[in-house]
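Counting begins at 1 with the first residue of the sequence. Values below: every heavy atom of this structure, side chains too, minus hydrogens, waters and symmetry copies.
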Amino acid sequence: METTQRNIEFNVLNKNKIETIHEKSMDLLENFGMRIVGARTIDLLKKYGCTVDGDMVKFPKAVVDKALNTIPKELTLYTRDGKPNMVINSKNNVYFGTHSDQLEILDHKTNMARPYLKADIKNMCKLGSYLSNISFILSVGMCADVDPLVQSQVTFIETLKNFDKTINFSTNDIESLQEIIDIAAVVAGGHKELAEKPFIFNYCEPIPPLTHPIESTEKLFISATNKIPVVYMPYSMMGGTSPITIAGALTQNNAEILAGVVITQAVNEGAPLIYGSMPTVFDMQTTIGSYGAPEFHKSVAAASELADYYNLPFYGTAGCSDAKTIDPQSVAEVQMELFSSILSKANIVHDIGVLDHCNSVAPAMVVLANEMINELSAYSSGVEVNEETLAMDVIKGVGHGGHYLNEMHTLSNFRSVWYPEFFKRRMVNPDQSDILEMVNAKIDTILETHEVPPLEASILAEIEKIEKNYQ
């Protein structure tokens with residue numbers, strides 16, 4: 001499995017700013033507190049050392065420090081068949097993922113959005129399986145032709161049957177979370193085996209500002225009990241559900257995430273949690289939470305540095321746009337975000353190909369983003385300086401006014417240059433762009449020819465037996 005390496009230093013914050021945000025986050029946790037809903041979570045937090053007054057919980061520094069000491073700092077996520085896929089033990093590795101389902105899908109032949117259907121899941125899974133830079137797929141439980149009461153389970157099962165890498169998932173209710181974990185355990189060979197080699201990880205959010213409803217605390221509780229990695233990711237809109245300033249939004253989000261760290265460790269010490277943060281702009285002209293705003297992606301990059309401060313894996317956002325279709329705006333926003341994420345300290349990056357501020361997913365943009373990631377990886381790999389790359393003997397051998405085309409050094413190293421599949425470098429270019437035509441042809445070829453390895457027959461039979469309960 002490919003991973004993007006980055007060897008270029010890039011920082012939004014410095015050490016002093018990070019420590020200041022941490023101190024102010026601790027002030028919120030210790031002295032102001034969080035609203036926590038859920039009796040068994042509150043009971044555990046009290047036993048863990050927190051101060052409880054009804055649903056208001058304060059988190060002493062010693063309690064937060066204890067949780068940060070027991071939470072895993074390294075994480076490996078596996079493929080469906082138990083092979084290491086995303087190894088997060090260094091801030092130099094970054095992995096990308098897209099959606100298997102969404103409210104709408106942008107048809108790659110028409111560039112027009114339509115309702116997302118269950119049949120589309122298989123195609124998105126095929127694309128994700130084929131593309132080298134897509135390491136995981138996010139199943140979110142959104143299909144127009146599936147009963148809303150069982151959407152989370154149905155879309156997860158469909159993704160499970162058609163995708164062979166790592167599955168990120170969210171649930172529309174508390175009850176379906178344990179059901180999905182149980183389904184995944186069938187594939188893994190048991191709950192113990194699933195915890196040892198997780199090929200799934202859960203997505204969960206608090207509700208800014210400073211509120212953790214029962215849906216959030218129970219999902220953290222269930223994930224921690226099963227030792228399934230869980231992303232805890234406040235989605236705050238600056239000026240709406242967080243301060244308008246980036247520093248204020250980062251501080252609030254950071255405090256909310258640290259509360260999630262304490263909750264998971266109070267439930268089950270050593271349970272993994274992935275630090276996620278989405279402090280975006282509340283657009284005062286349109287009232288949307290922008291997915292393409294530069295402030296959003298600067299904030300996400302800054303949040304990745306906070307996660308790095310705690311030595312926790314970070315779940316970021318990139319490759320998305322506020323635009324409705326694939327157009328100059330969407331391409332510009334996707335490219336900017338991918339560049340920001342690759343240079344940041346993010347480890348896992350979701351929302352590749354998501355458009356219309358998270359209303360739709362575009363298969364063609366996912367394919368284009370795959371090419372952009374390759375391009376940007378060539379940049380972020382840095383510059384190797386050694387005897388071979390300095391090539392002093394070659395320079396002197398060619399001499400003044402010569403050329404390097406016939407040199408063995410050129411022959412040995414020319415493949416290190418990145419060559420695009422879709423972006424054009426032709427001697428004579430056509431009058432109009434044909435990139436989308438090339439991308440669409442590529443998608444058709446993938447869908448026609450790529451075969452995702454099937455589940456073992458006995459496991460598939462058991463999964464399909466479970467699936468009948470949701471029909």
Practice problem: May I have the step-by-step check of side chain to side chain donor-acceptor pair (under 3.5 Å) for N85 and T79, ending in yes or no? | Solution: CA-CA 6 Å; N85 182 38; T79 62; over 6 Å; no

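Nearest heavy-atom pair across S299 and E295 is OG-O, 2.7 Å. Across every non-hydrogen atom of A302 and V12, the tightest pair is CB-CG1, 3.9 Å. Scanning both residues, P313 and I274, for their nearest heavy atoms gives O-CG2, 3.6 Å. When every heavy atom of S236 is checked against every heavy atom of T241, the shortest pair comes out as CA-OG1, 3.4 Å.
In this structure, CG on L273 lies 13.0 Å from CD1 on I228, to the nearest 0.5 angstrom. Between atom CG of residue D81 and atom CG of residue L455 there is a gap of 9.5 Å, rounded to the nearest 0.5 Å. For the atom pair L312 CG and N347 CG, the distance stands at 10.0 Å (nearest 0.5 Å). Rounded to the nearest 0.5 angstrom, K83 NZ and T76 OG1 are separated by 15.5 Å. Distance NE2/H212 to SG/C204: 10.0 Å, rounded to 0.5 Å. The CD atom of E462 sits 11.5 Å away from atom CD of E464, with the distance rounded to the nearest 0.5 Å.
Take F221 and apply the ring pair (Phe, Tyr, Trp, His ring centres under 6.0 Å) test, not counting sequence neighbours, and it matches no residue. Listed by chain and residue number, nothing satisfies the salt bridge (charged side-chain N to carboxylate O under 4.0 Å, His left out) test with D308 (two or more places apart in sequence, or in another chain). Under the ring pair (Phe, Tyr, Trp, His ring centres under 6.0 Å) criterion, F339 pairs with Y379, not counting sequence neighbours. Take Y130 and apply the ring pair (Phe, Tyr, Trp, His ring centres under 6.0 Å) test, not counting sequence neighbours, and it matches H450. Residues satisfying the salt bridge (charged side-chain N to carboxylate O under 4.0 Å, His left out) test with D101, not counting sequence neighbours, are none. By the ring pair (Phe, Tyr, Trp, His ring centres under 6.0 Å) test, H108 is found to be paired with no residue, residues two or more places apart in sequence or in another chain being considered.
Within the 3.5 Å criterion, the main-chain N or O of A301 finds a donor-acceptor partner in the side chain of S304. Side chain of H297 to backbone of Y291: a donor-acceptor contact under 3.5 angstrom is found. Looking only at distances, a side-chain donor or acceptor of E305 sits under 3.5 Å from a matching main-chain atom of L13. In this structure, the side chain of N359 engages the main chain of D356 through a donor-acceptor pair within 3.5 Å. Between the side chain of T98 and the backbone N or O of I137, no donor-acceptor pair lies under 3.5 Å. Using modelled atom types, no side-chain atom of T70 and backbone atom of G270 make a donor-acceptor pair closer than 3.5 Å. The backbone N or O of P420 sits nowhere less than 3.5 Å from a side-chain atom of E371 that would complete a donor-acceptor pair. With hydrogens and angles ignored, the 3.5 Å screen pairs a side-chain donor or acceptor of N172 with a backbone N or O of G141. Although no hydrogens or angles enter the test, the distance criterion places no donor-acceptor pair under 3.5 Å between the side chain of S341 and the main chain of L338. Using a distance-only test at 3.5 Å, with no hydrogens or angles considered, a donor-acceptor pair links the side chain of N268 to the main chain of A224.
Q178 and D182 share a donor-acceptor pair across their side chains, judged by distance under 3.5 Å alone. Y419 and E421 form no side-chain donor-acceptor contact under 3.5 Å, judged by distance and modelled atom types alone. Looking at S377 and N374, their side chains never bring a donor and an acceptor atom within 3.5 Å of each other. Defined by atom type and a distance below 3.5 Å, a donor-acceptor pair is missing between the side-chain atoms of D147 and Y470. In the model, S290 has no side-chain atom that pairs as donor or acceptor with a side-chain atom of D283 under 3.5 Å. One side chain, S321 or E333, offers a donor N or O that lies under 3.5 Å from an acceptor on the other. With hydrogens and angles left out, the side-chain atoms of E467 and Q153 include no donor and acceptor closer than 3.5 Å. Looking only at atom types and distance, the side chain of D351 has a donor-acceptor partner in the side chain of H99 under 3.5 Å away.
Using a 4.5 Å cut-off on side-chain heavy atoms (C-beta onward), H350 and M278 make contact. Looking only at side-chain heavy atoms (C-beta outward), P363 and I105 come within less than 4.5 Å of each other.
Other residues, nucleotides and ligands contribute over 12 non-hydrogen atoms within 6.0 Å of the CZ atom of R425. Other residues, nucleotides and ligands contribute more than 12 heavy atoms inside 6.0 Å of the NZ atom of K73.
Salt bridge status for K118 with D145: absent, with no side-chain N to carboxylate O gap under 4.0 Å.
Test Y232, Y78, Y95, F136 against F201 for ring pair (Phe, Tyr, Trp, His ring centres under 6.0 Å) and you get one pass: F136.
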